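I have placed the structure first, in the form of structure tokens, so that the comments after it can refer back to it.
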2 protein chains.
Amino acid sequence: MSKGVNLKELSNRLNLSQTTVSRALNGYPEVSAETRRRVAEMADKLGYAPNSQARRLATGRSMAIGHVIPRSIHEMMNPIFLEFIAGAGETYSKHGYDMIISVVEDDHEEDAYRQIATRKKADGVIIHGPAANESRHELLQAINLPFVVHGRIPGAEQETSWVDMNNRRAFERATNLLLDLGHKRIALLNGLEHMDFARRRRKGFEDALSARGLEPDTSIMRSSDMTEPYGCDNAMEMLKSEHPPTAFLVSSMISAIGVARAIGQCGLVTGKDISIITHDDALSFLPNSGEVPIFTCTRSSVRYAGQRAAELLLDIVADPKRPSSSLHLDAELIVGQSTGPAPGR
Amino acid sequence: MSKGVNLKELSNRLNLSQTTVSRALNGYPEVSAETRRRVAEMADKLGYAPNSQARRLATGRSMAIGHVIPRSIHEMMNPIFLEFIAGAGETYSKHGYDMIISVVEDDHEEDAYRQIATRKKADGVIIHGPAANESRHELLQAINLPFVVHGRIPGAEQETSWVDMNNRRAFERATNLLLDLGHKRIALLNGLEHMDFARRRRKGFEDALSARGLEPDTSIMRSSDMTEPYGCDNAMEMLKSEHPPTAFLVSSMISAIGVARAIGQCGLVTGKDISIITHDDALSFLPNSGEVPIFTCTRSSVRYAGQRAAELLLDIVADPKRPSSSLHLDAELIVGQSTGPAPGR
DNA sequence: CCCGGCATCCAAACCGCTTTGGATTTGATC
DNA sequence: GATCAAATCCAAAGCGGTTTGGATGCCGGG
């Protein structure tokens, strides 16, 4: 309630030493129950709360987790990133940790990590959006900054801790569903394939095709930022081509909406003339639920991934020597209104 | 490069006092050019960077700005919020500030602000999504924590610093455009009207109507979270009603996409049979540009608002006594493909 | 009655930086 | 040559906590 009371004043008011007061408040055993009660009461009355800078300095732990996002990554990951952050943030505040986010120019990313380490700004960081040729983990290992990867780093699955969904399997299953429905010509609108997650999705798609002796047709496969127009424009182009696909496998709800728009503009009906399966990150502003979801989808909550990644990182921070461990989340394959048997079947 | 070098070691290596080294690095004048050079060189060689906790403690400034987002606010503001954050984050890192984000349970919001103040976690905060009956600013004034509002607090426009767009004017102009095109029956799909921005938009809509002697028809006015299904479901319902509107004024691109979907499902054509004007926050993953934008819109970059709000806040933090000042951004009215003359005109 | 042990509590060092209040040197002035 | 101011540099005192290494008092046991 009152303004700035510090430990010293508080202990004066109580005729106790700072040591005792500090111990009482932090739950150490060498303090009598009665004293502890008195201290708690007075602290409450004076509205005492320890200055976090001082505490951090004294303990040597910054009680914060860093997220550095280069501007470009951010551009494309926008909504997914926030949802992850939201999940992670819940975990942090539950454990008394702060979340600090650094938005940096692309060529300052490495610098940002170094600063976090040398200036002791955070006890650990999360690596977002690992690329196919990723190297941030090596830097972090070199400067000894604990981290967890959201996604996986090819070639470093064992030595790093990560939380990822099973991208390959999800897209394999989705492709199989389309094949089972009789679709033979399936377009893939993937995310940027220099990102690890997009590679895995493509692999799943191709695996499913080749398991049935089909060749992927690169003329109906795309890779780009997952915007709405990306979905619409590419779908439009393909639908107007000589051999249009009868189904689309899409990497994001947002682009899938674009695909649906293109289908509508061509005078076709989604789920009847043309099928769509999209990945659904369960973004709160793009709900795809209800009795029958609009889109048939592979769904995996990125928010949940954020929560779990944060928990994992806090564990590592608490005990840096613990062996790396990871979490592999499975996406659900949920049937909605956007799929149906291939036409003319 | 090396690991933990601190001021003490650095000054020892240089045979200088900590005072001098500190001053040399922080650009104080009472240090010779030669000494400053030597210091800089050695600091660079040893990879010295000041421990931020220690510095914060010594200076009494936390060099951080806080953003507290209750989970519920977050749910609905999701993508817009991140875009704002991204803008603000750029400004912070440019000025050496950290951005700390607290995701809290709704009933802990006040607590979060108090903690930031008493534990000195941040030098200031940004108030997000002010409601029609807002009170956070009173709390912040009481605990003396500098802040800037993203949006406006009704009744406190003078005494607070804020960055907002001209919501009323934007929707007034949009409505006028529709009226000029001959539309007489215009639906409003607004955001949650307990939020200040949505109230203002509604006001603009109603002002434009009444200026032409028209009464708003509440049967085609809605207020809700701005999701995609919200747009689709409500548009669908209205289009199937006895007196369907010929135009929609929508508060968000995401919902507008839903409206377009509904129009398509009814076998109508957007921009011909039915017009749409939406507000466009210029979200990076929902570009509405190109030669002719998909949607006619009122556009105002929320990212830019974030940059400016952050600058304003940093100014206030630097000089808390400065009088409050604010920034009123104007939205552009941009004609795209989603509007046309009222049918049968 | 004395001693060891436990329960409590405290003075002081420390975390790593900034900043105050001099001390010392240098150089120009008269 | 003495004086004063400017130019440099430094020792030490914070900032507000945590933590180490004892003190002190009280108790039962030998």
Side-chain angles (χ1 to χ4, degrees), chain A residues 2-40 42-43 46-64 96 98 115-121 123, chain B residues 2-40 42-43 46-64 96 98 115-121 123:
Chain A
S2 332
K3 32 201 148 177
V5 209
N6 58 21
L7 229 206
K8 196 160 146 192
E9 293 180 49
L10 177 58
S11 54
N12 282 344
R13 290 282 297 255
L14 285 160
N15 280 323
L16 285 172
S17 73
Q18 296 191 27
T19 308
T20 304
V21 175
S22 170
R23 290 194 156 147
L25 292 174
N26 289 319
Y28 283 70
E30 52 271 85
V31 129
S32 72
E34 164 61 8
T35 302
R36 192 186 302 278
R37 197 192 52 68
R38 273 182 61 220
V39 171
M42 183 65 79
L46 299 185
Y48 169 79
N51 177 307
S52 30
Q53 327 298 352
R55 185 202 283 252
R56 295 189 223 263
L57 176 58
T59 59
R61 320 180 67 212
S62 69
M63 295 300 282
D98 285 341
Q115 294 232 346
I116 288 176
T118 65
R119 316 182 94 111
K120 304 276 162 52
K121 287 194 169 196
D123 297 326
Chain B
S2 334
K3 33 201 149 176
V5 207
N6 58 19
L7 230 207
K8 195 159 148 193
E9 294 180 47
L10 177 58
S11 55
N12 282 344
R13 290 281 297 255
L14 285 159
N15 279 323
L16 286 172
S17 73
Q18 296 191 27
T19 308
T20 303
V21 176
S22 171
R23 290 195 156 145
L25 292 173
N26 290 320
Y28 283 71
E30 53 270 86
V31 127
S32 72
E34 163 62 8
T35 302
R36 193 186 302 279
R37 196 194 52 69
R38 273 182 60 219
V39 170
M42 183 65 80
L46 300 185
Y48 169 78
N51 178 307
S52 30
Q53 327 298 352
R55 183 202 283 253
R56 295 190 223 262
L57 177 58
T59 60
R61 320 181 67 214
S62 69
M63 294 301 284
D98 284 342
Q115 294 233 345
I116 288 175
T118 65
R119 316 182 95 112
K120 303 276 162 51
K121 286 194 170 195
D123 297 325

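Just so we're on the same page: letters track the sequence lines, and every chain starts at 1. Heavy-atom basis, side chains included; hydrogens, waters and symmetry copies ignored. Note that this is a predicted model, so its numbers are computed, not measured.
In the region residues 15-27 of chain A, proximity to DNA chain C at under 4.0 angstrom, judged on heavy atoms, holds for A:Asn15, A:Leu16, A:Ser17, A:Thr19, A:Thr20, A:Arg23. Listed in residue order, the members of residues 50-64 of chain B having a heavy atom less than 4.0 Å from DNA chain D are B:Leu57, B:Ala58.
At the phosphate of D:dT19, OP1 or OP2 sits under 4.0 Å from a side-chain N or O atom of A:Tyr28.
Between atom CG of residue B:Leu46 and atom CG of residue B:Asn6 there is a gap of 10.5 Å, rounded to the nearest 0.5 Å. The distance from atom OH of A:Tyr48 to atom CE of A:Met42, rounded to the nearest 0.5 Å, is 14.0 Å. The line from OG of A:Ser52 to CD1 of B:Ile116 is 10.0 Å long, rounded to the nearest 0.5 Å. Rounded to the nearest 0.5 angstrom, B:Arg13 CZ and B:Leu16 CG are separated by 13.0 Å.
Looking at heavy atoms from C-beta onward, B:Lys8 lies in side-chain contact with B:Asn12 at the 4.5 angstrom threshold. Annotation: side chain of B:Ser62 is in contact with side chain of A:Gln53 (closest heavy-atom distance under 4.5 Å). Taking 4.5 Å as the limit, some side-chain heavy atom of A:Val39 sits within range of a side-chain heavy atom of A:Leu25.
The closest donor-acceptor contact from the side chain of A:Thr59 to the backbone of A:Arg55 lies under 3.5 Å.
Among all heavy-atom pairs drawn from B:Met63 and B:Gly96, the shortest one is CE-O, 3.7 Å. Closest of all the heavy-atom pairs between B:Ser32 and B:Thr35 is OG-OG1, 2.7 Å.
Among residues at least two apart or in separate chains, salt bridge (Lys or Arg N to Asp or Glu O under 4.0 Å) pairs with a member in residues 28-40 of chain B are B:Glu34-B:Arg37, B:Arg37-B:Glu41.
For A:Glu30 and D:dT24, the CD to P distance is 19 Å, given to the nearest whole Å. Taking atom CZ of B:Arg36 as the reference point, atom P of D:dA7 lies 13 Å away to the nearest angstrom.
Boundaries of the chain B contact region on DNA chain C are C:dG16 to C:dG21, first to last in 5' to 3' order (nucleotide atom under 4.0 Å from a heavy atom).
Electrostatic pairing of A:Arg119 and B:Asp98 does not count as a salt bridge here, judged by no charged N lying under 4.0 Å from a carboxylate O.
Rounded to 10°, the helix from C:dC1-D:dG30 to C:dC30-D:dG1 has 60° between the axis fitted to its first five pairs and the one fitted to its last five.
When the side-chain contact (heavy atoms from CB on, under 4.5 Å) test is applied to A:Ser22, the partners found at least two apart in sequence or on another chain are A:Leu7, A:Asn26.
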